[in-house]
Participant: 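Below is the structure I would like to discuss, written out as structure tokens.
Within every chain, numbering begins at 1; the chains are lettered A, B, ... in the order of the sequence lines, protein sequences first and strands thereafter.
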2 protein chains.
Amino acid sequence: MSREFRRAMPLLPISMVMQLTELTARQIRYYEEHKLIEPARSEGNRRMFSLDDVDALLEIRELLDQGINMAGIKKVFDMRVNSSHVISSNKMAISDSELRAILREEMQQAQIMQKASIRQGDLSRFFQSKGE
Amino acid sequence: MSREFRRAMPLLPISMVMQLTELTARQIRYYEEHKLIEPARSEGNRRMFSLDDVDALLEIRELLDQGINMAGIKKVFDMRVNSSHVISSNKMAISDSELRAILREEMQQAQIMQKASIRQGDLSRFFQSKGE
DNA sequence: TTGATATGTTATTTTTCCTAACATGTAATT
DNA sequence: AATTACATGTTAGGAAAAATAACATATCAA
């Protein structure tokens, strides 16, 4: 399990994200509304943000500063997401086993993240021991 | 502006700490009452925990498991604190903008999380640990 | 048995966060 | 100049989370 996963763990309430990013709650929710971020939700429906989310928000701020609008920022983000895996697999630059490893990890993460913000549970499921 | 700062940043609400440590709110407050941890407070008086706090809580759990009581654990912690000298900077107030600068800088490094074992009660798996 | 310790439970109040609706400043368009 | 779209502010009302405090209880040692 990778550090990307850990950065994706939803830990922070909106109040903290507001302080860290200097954005208002209104802004943060608005960006979510436009699918620029998708923070997890607690059982009680509260947004829980990951460090990745904070990262994205800081970048949104920058891009807005540069005069780019919601749609533009979304495009930028989408391009980035697509460029990491699609390009390399298109070119068959990675082996089958590598590809399967990526998929397996992604599925694992998705599964775990579903529960991470929501339930009390076995923390050891979230992490692996040293041999990473 | 170092890792010590990051790990001492109060970011997490008690609900998240409960999940991460598998402790009840009652337990966490009890340990605070006995000065084993001193989480920060929000403007509205809510406890905000740092990764250092979570670390400490995981260790408290272990020590309790070993039959050590509050006083004993306090002693263990105090001894540790006394043996490292730069601790007082934990209480140093830093401004929001400084905090943001730190965060931004770290985000760009994209290496916040690092490997470690959970069994040691060490949350350095989330962040770069001191020894790196 | 008594007493201390750690934790559970419950009641009450305060704080935080949610959604939704309406308002506003600014820049672009007509 | 008027209109429109966009990003954000503001407010209201309600729900969830968390605070304190008090009382309850299981376990263990004396």
Participant: Measure the distance from CD on A:E33 to P on C:dA21 and round it to the nearest whole Å.
Facilitator: 12 Å
Participant: Please give, in whole Å, the distance from C:dA6 C1' to B:Q66 CD?
Facilitator: 17 Å
Participant: Does anything in residues 9-20 of chain A pair up under salt bridge (charged side-chain N to carboxylate O under 4.0 Å, His left out), and if so which pairs, sequence neighbours excluded?
Facilitator: none
Participant: Tell me: CZ of B:R61 to P of C:dT7, nearest whole Å?
Facilitator: 11 Å
Participant: Quick one: closest heavy-atom pair of A:I37 and A:A56, and the distance?
Facilitator: CG2-CB, 3.8 Å
Participant: Which residue, A:Q27, A:E22, A:Q66, forms the side chain to side chain donor-acceptor pair (under 3.5 Å) with A:R61?
Facilitator: A:E22
Participant: Identify the heavy atoms of B:M48 and A:P13 that sit nearest to each other, and give their distance.
Facilitator: CE-CG, 4.3 Å
Participant: A:K74: which residues meet the side chain to side chain donor-acceptor pair (under 3.5 Å) condition with it, sequence neighbours left out?
Facilitator: A:D78
Participant: Taking CE from A:M16 and C1' from C:dT15, how many angstroms apart are they, rounded to a whole number?
Facilitator: 13 Å
Participant: Do A:L58 and A:L20 touch side chain to side chain, with heavy atoms closer than 4.5 Å?
Facilitator: no
Participant: Testing the basics here: between B:L36 and B:M70, what is the closest heavy-atom pair and its distance to 0.1 Å?
Facilitator: CD1-SD, 3.7 Å
Participant: Looking at A:R29 and A:E38, does any basic side-chain N land under 4.0 Å from a carboxylate oxygen?
Facilitator: no
Participant: Report the distance from atom CG of B:D65 to atom P of C:dA6, rounded to the nearest whole Å.
Facilitator: 14 Å
Participant: Any salt bridge linking A:E33 with A:R47? Criterion: basic side-chain nitrogen under 4.0 Å from a carboxylate oxygen.
Facilitator: no
Participant: Could you state the atom-to-atom distance from NE2 of A:H34 to C1' of D:dA7 in whole Å?
Facilitator: 8 Å
Participant: On a heavy-atom basis, which atom in A:L12 and which in A:M16 lie closest, and how many Å separate them?
Facilitator: CB-CB, 4.4 Å
Participant: List in numerical order all residues of residues 23-32 of chain A for which some heavy atom is under 4.0 Å away from an atom belonging to DNA chain D.
Facilitator: A:T24, A:R26, A:Q27, A:Y30, A:Y31
Participant: Below 4.0 angstrom, which residues in residues 40-49 of chain B have at least one non-hydrogen atom near DNA chain D?
Facilitator: B:R41, B:N45, B:R46, B:R47
Participant: Could you encode protein contacts along nucleotides 24-30 of chain C as a string, one character per nucleotide from 5' to 3', using B for base contact, S for sugar-phosphate-only contact and - for no contact, with a heavy-atom cut-off of under 4.0 Å?
Facilitator: -------
Participant: Can you tell me the distance, in whole Å, between the CD1 atom of A:I68 and the P atom of D:dC6?
Facilitator: 16 Å
Participant: Can you list every pair that meets ring-ring contact (aromatic ring centres under 6.0 Å, His included) and has a residue in residues 32-80 of chain A, with sequence neighbours left out?
Facilitator: A:Y30-A:H34
Participant: Starting from C1' on D:dA17, measure out to CG on A:L11 and report it in whole angstrom.
Facilitator: 17 Å
